[in-house]
Amino acid sequence: MEDNYKDTVYRMSDSATVLHKNKKWFNTCYLAGYVAECYCKEILLLAEQEGYHFHSAGSVRKFSHKLDKLKDEVNLIALVAGVASAYCIDVQKECPTIYANWNPNKRYQSNSHMFNQEVNADKVMNEMQKLMKSIVQMEIDGVLV
């Protein structure tokens, strides 16, 4: 069975939004990190369809949860003249809170973790919306994988 990043990005975004409304800050931030990961993977899949060859890994799945490697690959794709480049966002620059702090292994952190604070959850939600705007535009344009 193939991974479905499109469905996952929408599912994680919807869940993060519900959690944020219910003041569940830590899991809001945690799920928003998956939105960033799946956004990057959708960009990689689109570029791959255009003949792009990955520099950091042999396949999208091999990037695992390494947001730094995914970000680097998306930034390379942004430089290439192709359909995918139109949807590229510099995750480190545009989503600094998610980028600097998200790691799926942090789900085991204590309640004192910075993700368990409203101010950071608000930042993460704003950053996630930037990613979702690009995802929605990809879907509207009919290029979402």
Side-chain angles (χ1 to χ4, degrees), residues 1-50 52 54 56-78 80 82-145:
M1 178 177 286
E2 278 189 41
D3 293 326
N4 188 318
Y5 304 114
K6 174 185 159 186
D7 287 352
T8 303
V9 77
Y10 282 110
R11 186 173 57 248
M12 296 300 171
S13 175
D14 290 347
S15 293
T17 301
V18 169
L19 289 165
H20 188 260
K21 286 179 184 174
N22 287 289
K23 301 181 181 189
K24 303 297 182 187
W25 315 129
F26 189 97
N27 285 333
T28 295
C29 297
Y30 179 70
L31 295 182
Y34 279 108
V35 171
E37 177 185 326
C38 290
Y39 156 79
C40 290
K41 289 179 177 180
E42 279 294 329
I43 294 292
L44 270 59
L45 288 175
L46 179 57
E48 187 178 46
Q49 284 184 338
E50 297 179 288
Y52 181 82
F54 305 119
S56 302
S59 70
V60 172
R61 195 169 224 298
K62 288 185 179 178
F63 282 90
S64 185
H65 302 295
K66 297 176 182 134
L67 198 51
D68 58 335
K69 300 285 187 209
L70 286 161
K71 179 267 309 176
D72 289 345
E73 204 70 41
V74 169
N75 288 349
L76 287 172
I77 291 166
V80 179
V83 173
S85 65
Y87 305 98
C88 291
I89 293 172
D90 185 333
V91 175
Q92 185 175 12
K93 180 180 174 187
E94 298 296 325
C95 306
T97 310
I98 294 173
Y99 181 78
N101 297 288
W102 185 75
N103 179 320
N105 293 326
K106 289 187 178 182
R107 67 187 175 273
Y108 304 116
Q109 296 290 328
S110 69
N111 284 340
S112 64
H113 189 272
M114 69 160 292
F115 268 0
N116 205 29
Q117 299 171 11
E118 181 177 8
V119 66
N120 292 319
D122 290 346
K123 289 178 188 176
V124 164
M125 288 299 292
N126 288 330
E127 293 170 8
M128 184 183 78
Q129 291 307 314
K130 293 176 188 178
L131 299 170
M132 290 307 299
K133 184 178 178 182
S134 183
I135 289 286
V136 168
Q137 191 61 54
M138 290 170 68
E139 188 146 46
I140 290 169
D141 294 346
V143 299
L144 194 63
V145 179

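Throughout, residue positions are numbered sequentially from 1 according to the sequence presented. From a predicted model like this one, the values you see are computed outputs, not experimental measurements.
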Student: Under 6.0 Å between the ring centres of Phe115 and Trp102?
Tutor: no
Student: Taking C-beta and beyond as the side chain, do Phe54 and Glu48 meet within less than 4.5 Å on heavy atoms?
Tutor: yes
Student: Considering only NZ, NE, NH1 and NH2 on the basic side and carboxylate oxygens on the acidic side, decide whether Lys41 and Glu37 come within less than 4.0 Å.
Tutor: yes
Student: What's the spacing between Ile135 CD1 and Tyr5 OH if we round to 0.5 Å?
Tutor: 12.5 Å
Student: Return each pair, listed once, that meets side-chain hydrogen bond (donor to acceptor under 3.5 Å, both in side chains) where at least one residue sits in residues 13-23; pairs must be two or more places apart or across chains.
Tutor: His20-Asp122
Student: About how many Å separate SG of Cys95 and CG of Asn101, when rounded to the nearest 0.5 Å?
Tutor: 12.5 Å
Student: Considering non-hydrogen atoms only, spot the tightest contact between Ala78 and Ser85 and give its length.
Tutor: O-CB, 3.6 Å
Student: Which pair of heavy atoms, one from Met128 and one from Ile98, lies closest together, and at what distance?
Tutor: N-CD1, 4.1 Å
Student: Looking only at non-hydrogen atoms, find the nearest pair between Ala121 and Cys29 and report the distance.
Tutor: CA-SG, 3.6 Å
Student: Can you name the residues that form a side chain to side chain donor-acceptor pair (under 3.5 Å) with Asp141, not counting sequence neighbours?
Tutor: Tyr87, Gln137
Student: For the CD atom of Glu139 and the NZ atom of Lys6, what is their distance to the nearest 0.5 Å?
Tutor: 4.5 Å
Student: If the plane angle is over 60° it's perpendicular, under 30° parallel, otherwise tilted; pick one for Phe26 and Tyr30.
Tutor: parallel
Student: Once you round to the nearest 0.5 Å, how far does CD of Glu94 lie from SG of Cys88?
Tutor: 12.5 Å
Student: I need the minimum non-hydrogen distance between Lys71 and Gln92, along with the two atoms involved.
Tutor: NZ-OE1, 3.2 Å
Student: Look up atom CG in Asn126 and atom OG1 in Thr97, then write down how far apart they are to the nearest 0.5 Å.
Tutor: 9.0 Å
Student: Could you give me the CA-CA distance, side-chain angles and deciding distance for Val74 and Ile89, then say whether side-chain contact (heavy atoms from CB on, under 4.5 Å) is met?
Tutor: CA-CA 8 Å; Val74 169; Ile89 293 172; over 6 Å; no
Student: How long is the straight-line distance from NZ of Lys93 back to CG of Asn75, given to the nearest 0.5 Å?
Tutor: 10.5 Å
Student: Should the heavy atoms of other residues, nucleotides or ligands under 6.0 Å from NZ of Lys130 be counted, would the total exceed 12?
Tutor: yes
Student: How close do Ala16 and Met125 get, heavy atom to heavy atom, and via which atoms?
Tutor: O-SD, 4.0 Å
Student: Tell me, with the steps shown, if Glu42 and Leu144 meet side-chain contact (heavy atoms from CB on, under 4.5 Å).
Tutor: CA-CA 7 Å; Glu42 279 294 329; Leu144 194 63; 3.5 Å; yes
Student: Between Val136 and Tyr10, does the side-chain contact (heavy atoms from CB on, under 4.5 Å) criterion hold? Intermediate values first, please.
Tutor: CA-CA 10 Å; Val136 168; Tyr10 282 110; 3.9 Å; yes
Student: Are side-chain heavy atoms of Ile43 and Glu73 found at a separation under 4.5 Å?
Tutor: no
Student: Going through the checks in order, is the side-chain contact (heavy atoms from CB on, under 4.5 Å) test met by Leu31 and Leu19?
Tutor: CA-CA 9 Å; Leu31 295 182; Leu19 289 165; 3.6 Å; yes
Student: Any idea which heavy atoms bring Cys40 and Val91 closest together, and the distance?
Tutor: SG-CG2, 3.8 Å
Student: Considering only heavy atoms from C-beta outward, does the side chain of Val9 approach that of Met132 to under 4.5 Å?
Tutor: yes
